[in-house]
Amino acid sequence: MVLDPYAWGDNFESCHPLLEQHHSPINLDHQMSRNQSLGSLHLKGFDVAQTGPWTLENDGHSVVLHVGGGMSVSGGGLPGLYHTVQLHFHWGSPASNGSEHTVDGRRYPMEMHIVNMKSIHPNLTAALADPTGLAVLGFFIDVVYADNVHFGHISQKLSSVAYKGQTIKMKPFPLMSFLPTHNLSQYYRYYGSLTTPPCSQAVVWTLYEVPIYISWSQLAQFTSQVFSTEEDAEQVTPLQNNFRHVHPTFSRIIAASKD
Ligand code: BO1
Ligand code: ZN
């Protein structure tokens, strides 16, 4: 995959942002109308340490935590039950923010995506052919002075997957431990796409309003310790700005849950 999102369409037909298509990410408007019928999602198994091991991987485009079985999401207007497959991150550079979605035009330092696949589908190919085959939970990540101890489970391990293709086994921990502790009932909802190739329009997006807070140094571990190149590459290239540009909403309805 080429790193320049504007060039993806050259190789992946569905990454061409054509008129009236439903691509992601988008800008979210904090002032939008609220839909009282969108309740909290049920995050099953997020509050306990699953049986692992989990695998942390540098795939050259992000750092991905493959979480195996045991967790699922449902409710909150999602059309069915979705099994949690992996989570990964999008970030900027030491000088610029790198979330994919923006809120009122503002970009957050980072964004985490928890990727879930509709349980009726036997494989990813089937899920990508369904407009709601995947449910991705997006969390903005903002920066404060204090370390986020639980987030440290991941950020401390980044140097072990510094290069593309590297993986390490990880001891599972409760995912809830580093999600926001309050107001998980507040989120944005819309129908869109994968933000990387193949850019399939197969995703029910849930973007939580309350961010995860991490420290400057934890953020700096992403922008400085991860490379998009292999260990033996002639030139090492830091993995930075791995976010896609925002897309028009066209005729889509962007909903928000109750305040
Ligand atoms: S994202 O959440 O829209 N940034 C996103 C983008 C791409 C994928 C997932 C989420 N890709 C797919 C891979 C598959 C893999 C699946 C689940 O994620 O293309 O190979 O099986 O891990
Ligand atoms: Zn993502």
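Atoms within a ligand are numbered from 1 in the order they appear, just like the ligands themselves.
Here the N, O or S atom of His113 that is nearest to the Zn ion (ligand 2) is ND1.
Considering backbone and side-chain atoms together, Gln86 places an N or O closer than 3.5 Å to an N or O of ligand 1. Considering backbone and side-chain N/O atoms, Trp205 never comes within less than 3.5 Å of an N/O atom of ligand 1. Checking only distances, Thr196 never comes within under 3.5 Å of ligand 1, N or O to N or O.
His90 pairs with exactly one of Glu111, Glu100, His101 by the side chain to side chain donor-acceptor pair (under 3.5 Å) rule, that one being Glu100.
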Discussion item. Let's go through Val67 and Ile114 carefully: what are the C-alpha distance in whole Å and the side-chain angles of both, what is the deciding distance for side-chain contact (heavy atoms from CB on, under 4.5 Å) to 0.1 Å, and is it a yes or a no?
Written reply: CA-CA 10 Å; Val67 294; Ile114 304 180; over 6 Å; no

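Residues His153 and Met170 share a closest heavy-atom pair of O-CE, 3.8 Å. Between Leu207 and Phe140 the shortest heavy-atom distance is CD1-CZ, 4.3 Å.
Both the backbone and the side chain of Thr195 come within 4.0 Å of ligand 1, judged by heavy-atom distances. Only the side chain of His88 comes within 4.0 Å of ligand 1, counting heavy atoms alone; its backbone N, CA, C and O stay farther away.
At a cut-off of 3.5 Å, with distance as the only test, a side-chain donor of Glu20 or Ser251 sits close to an acceptor on the other residue. Defined by atom type and a distance below 3.5 Å, a donor-acceptor pair is missing between the side-chain atoms of Lys44 and Ser74.
Here is the list of ligand 1 atoms found below 4.0 Å of a heavy atom in Leu124: 14 (C), 15 (C), 16 (C), 20 (O), 21 (O).
A distance-only check finds a donor-acceptor pair linking the side chain of Arg189 to the backbone of Gly76 [under 3.5 Å].
The closest heavy-atom contact to atom 5 (C) of ligand 1, among the options Val67, Leu194, Leu128, comes from Leu194.
Under the 6.0 Å cut-off for aromatic ring centres, Trp205 and Tyr188 do not qualify, their centroids lying 6.0 Å or more apart.
In this structure, Arg244 has no heavy atom closer than 4.0 Å to ligand 1. Proximity of His90 to ligand 1 is established by a heavy-atom distance of less than 4.0 Å.
Here His88 contributes NE2 and His90 contributes NE2, and at the Zn ion (ligand 2) these two atoms make an angle of 110°, given to 10°.
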